[in-house]
Engineer: 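Encoded as structure tokens, here's the structure I'll be asking about.
Residue numbers start from 1 in every chain, and the chains themselves are labelled A, B, ... in the order their sequence lines are given, proteins ahead of strands.
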Protein chains: 2
Amino acid sequence: MKVSTRGDYASRALLSLALHTDSSGPTSVHEVAERTGLPQPYLEQILLALKGAGLVRSKRGVGGGYTLARPPKEITLAQIVAAVDGPIVAGDFGEPHENGACEHEGQCVLLTVWSEVGQHMRSHLNSYTLSEMVDRARGTKSLKLDSSMEHTHSPITGEPNARPEVESA
Amino acid sequence: MKVSTRGDYASRALLSLALHTDSSGPTSVHEVAERTGLPQPYLEQILLALKGAGLVRSKRGVGGGYTLARPPKEITLAQIVAAVDGPIVAGDFGEPHENGACEHEGQCVLLTVWSEVGQHMRSHLNSYTLSEMVDRARGTKSLKLDSSMEHTHSPITGEPNARPEVESA
DNA sequence: CCAGACTCACGTCACCCACTAAAGAGGCTA
DNA sequence: TAGCCTCTTTAGTGGGTGACGTGAGTCTGG
């Protein structure tokens with residue numbers, strides 16, 4: 001029921017990329033590692049995975065580095081986490097069997113429940129975009145989180161606001 | 001991002017208990033294991049954990065076994081999963097620091113995001129009650145899932161309906 | 001050609017999950 | 001009281017995997 005450090009690191013790396021996307025040209029892994037405080041060799045393979053998922057582009061050689069492949073508005077938490085941690089599900093106990101008999105009591109009931117929960121988590125994580133997190137980072141840059149809380153997600157209490165529920169996979 | 005088998009097994013065991021709560025008297029671990037097809041010794045320690053969390057009561061000796069400690073309407077998935085898998089969070093990277101400076105770029109932004117996501121998962125899992133799952137198990141008992149889809153949660157697409165959002169911990 | 005960058009293939013260390021094994025302790029019946 | 005049934009507790013184990021480290025490639029620009 002947790003995201004691994006890979007998911008967290010990947011998000012922070014992409015957030016760092018998004019925050020410095022103005023400085024014309026790619027950002028090296030070394031630079032990202034320094035700014036985010038993440039272990040560089042680990043970060044390298046994470047960025048590789050993000051590249052494999054098509055979230056970043058890379059350029060080799062001197063002056064090379066990584067760049068966001070899409071505008072931050074089109075990158076969601078669900079995509080990031082799924083890229084490095086595999087598909088977002090709430091338990092991989094197989095698919096809910098539909099036609100044949102359920103071998104054991106309550107098994108298929110739980111299977112459909114887990115499937116629903118996974119679906120819900122995906123759509124919720126899809127509601128967090130990278131650009132929103134950029135806004136947050138800029139907003140709380142000088143560490144004032146007193147009254148600037150009119151974000152898309154209410155921070156502590158209650159429900160996230162209704163929104164278009166983008167779904168990907 | 002997944003629940004372990006413990007969470008699944010615990011839910012199935014409790015569902016089994018709830019389904020046979022009429023037959024006057026506790027249900028033995030052996031019986032539950034047989035009905036659900038779960039490994040008995042493993043199931044034993046899971047039930048122990050559920051007892052520690054106050055979800056079931058136990059009675060020893062001949063004719064002993066386990067009983068639900070509360071009516072099924074007051075037992076939610078969040079409670080079950082939290083009892084056997086620990087608190088429901090979306091990543092345990094510490095609390096979002098509020099006063100001091102964020103050591104690294106975007107760190108506290110992600111921390112608050114994970115905290116929000118965890119909160120959201122908890123309230124969503126809290127919306128599944130054991131009695132609802134009993135209804136589902138009874139409804140699809142003879143394996144017809146064609147048109148009996150007016151459950152509280154829509155099964156595949158879309159949002160769960162608005163509801164009182166019980167929160168526990 | 002060379003230095004700076006990404007790329008790739010291992011290695012490893014420790015922790016945790018799923019499960020087994022075995023002995024103990026309480027409680028009911030005879 | 002004996003004896004069985006059930007829960008209770010503790011230990012242990014095998015496999016997997018998460019989080020890195022290491023080192024050798026490979027590409028690119030000057």
Engineer: Please tell me which of A:Lys59 and A:Pro39 maps to the more 5' nucleotide of DNA chain D, matching each residue to the nucleotide holding its nearest heavy atom.
Structural biologist: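 Nearer the 5' end of the strand: A:Pro39.
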Engineer: Quick check on D:dT17: is either OP1 or OP2 less than 4.0 Å from any side-chain nitrogen or oxygen of A:Ser4?
Structural biologist: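 So the side-chain polar atoms of A:Ser4 never come under 4.0 Å of the phosphate oxygens OP1 or OP2 of D:dT17.
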Engineer: Does A:Lys51 put a side-chain nitrogen or oxygen below 4.0 Å from OP1 or OP2 of C:dT7?
Structural biologist: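 A:Lys51 to C:dT7 OP1/OP2: side-chain N or O found under 4.0 Å.
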Engineer: For B:Leu47, which contact category applies under a 4.0 Å heavy-atom criterion: base, sugar-phosphate, or nothing?
Structural biologist: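 B:Leu47: no heavy atom of the nucleic acid under 4.0 Å.
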Engineer: Evaluate the ring planes of A:Tyr128 and A:His124, with Trp represented by its six-membered ring, and classify them as parallel (under 30°), tilted (30 to 60°) or perpendicular (over 60°).
Structural biologist: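 Perpendicular, since the angle between the ring planes exceeds 60°.
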Engineer: What integer distance in Å separates B:Leu43:CG from D:dT6:P?
Structural biologist: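 One finds 15 Å between P of D:dT6 and CG of B:Leu43, rounded.
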Engineer: Within the 4.0 Å heavy-atom criterion, would you say A:Gly63 contacts the bases, only the backbone, or no part of the nucleic acid?
Structural biologist: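 Nothing, no heavy atom under 4.0 Å.
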Engineer: Rounding to an integer number of Å, can you tell me how far B:Gln40 CD sits from C:dA21 P?
Structural biologist: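 So the CD-P distance, B:Gln40 to C:dA21, works out to 13 Å.
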Engineer: Mapping A:Thr5 and A:Gly61 onto DNA chain D by nearest heavy atom, which one lands closer to the 5' end?
Structural biologist: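 Its nearest nucleotide lies further toward 5', so the answer is A:Thr5.
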Engineer: Check every atom of D:dA19, C:dG4, C:dC8 against the side chain of A:Val62 and return the nucleotide holding the closest atom.
Structural biologist: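 Side chain of A:Val62 sits closest to C:dG4.
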Engineer: Should A:Tyr9 be listed as having a side-chain N or O under 4.0 Å from OP1 or OP2 of D:dC20?
Structural biologist: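 The answer is yes; a side-chain N or O of A:Tyr9 sits under 4.0 Å from OP1 or OP2.
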Engineer: Rounding to an integer number of Å, can you tell me how far A:Glu44 CD sits from D:dG23 C1'?
Structural biologist: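 It is 12 Å, rounded to the nearest whole Å.
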Engineer: As an exercise, state the distance from CE of B:Met133 to OG1 of B:Thr76, rounded to the nearest 0.5 Å.
Structural biologist: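 Nearest 0.5 Å value for the CE-OG1 distance: 10.5 Å.
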Engineer: Consider the side chain of B:Tyr42, meaning its heavy atoms from C-beta on, and name the nucleotide among D:dG21, C:dT20, D:dT8 that approaches it most closely.
Structural biologist: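 When the side chain of B:Tyr42 is considered, C:dT20 is the closest of D:dG21, C:dT20, D:dT8.
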Engineer: Would you please classify the geometry between the B:His120 ring and the A:His120 ring as parallel, tilted or perpendicular, with 30° and 60° separating the classes?
Structural biologist: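 A:His120 vs B:His120 ring planes: parallel.
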Engineer: Rounded to the Å, how far apart are A:Tyr66 OH and C:dA5 P?
Structural biologist: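 Value for this atom pair: 13 Å.
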Engineer: Choosing from D:dC7, C:dT20, C:dC6, which nucleotide comes nearest the side chain of B:Ser58?
Structural biologist: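 Nearest nucleotide to the side chain: D:dC7.
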Engineer: With respect to the side chain of B:Gln45, which nucleotide from C:dC6, C:dC19, D:dC20 is positioned closest?
Structural biologist: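 Among the listed nucleotides, the one closest to the side chain of B:Gln45 is C:dC19.
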Engineer: When rounded to the nearest 0.5 angstrom, what is the spacing between OG1 in A:Thr21 and CG in A:Leu68?
Structural biologist: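 That separation rounds to 5.5 Å.
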Engineer: Report which part of the nucleic acid A:Pro41 touches: base, sugar-phosphate, or nothing (heavy-atom distance under 4.0 Å, all strands).
Structural biologist: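 Base, at least one base atom sits under 4.0 Å.
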Engineer: Roughly, in whole Å, what's the span from CG in B:Asp92 to C1' in D:dG18?
Structural biologist: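 Answer to the nearest Å: 12 Å.
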Engineer: Mind calculating the distance between CD1 (B:Ile46) and P (D:dT8) to the nearest angstrom?
Structural biologist: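 Rounding to the nearest Å, CD1 of B:Ile46 and P of D:dT8 are 14 Å apart.
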Engineer: Given the structure, check if the side chain of B:Arg60 and the base of C:dA25 hold any donor-acceptor pair shorter than 3.5 Å.
Structural biologist: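 When only heavy-atom distances are counted, B:Arg60 does reach the base of C:dA25 through a donor-acceptor pair under 3.5 Å.
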Engineer: Shortest non-hydrogen contact from A:Arg6 to A:Ala49?
Structural biologist: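 In terms of heavy atoms, the two residues are closest at NH2-CB, 4.4 Å.
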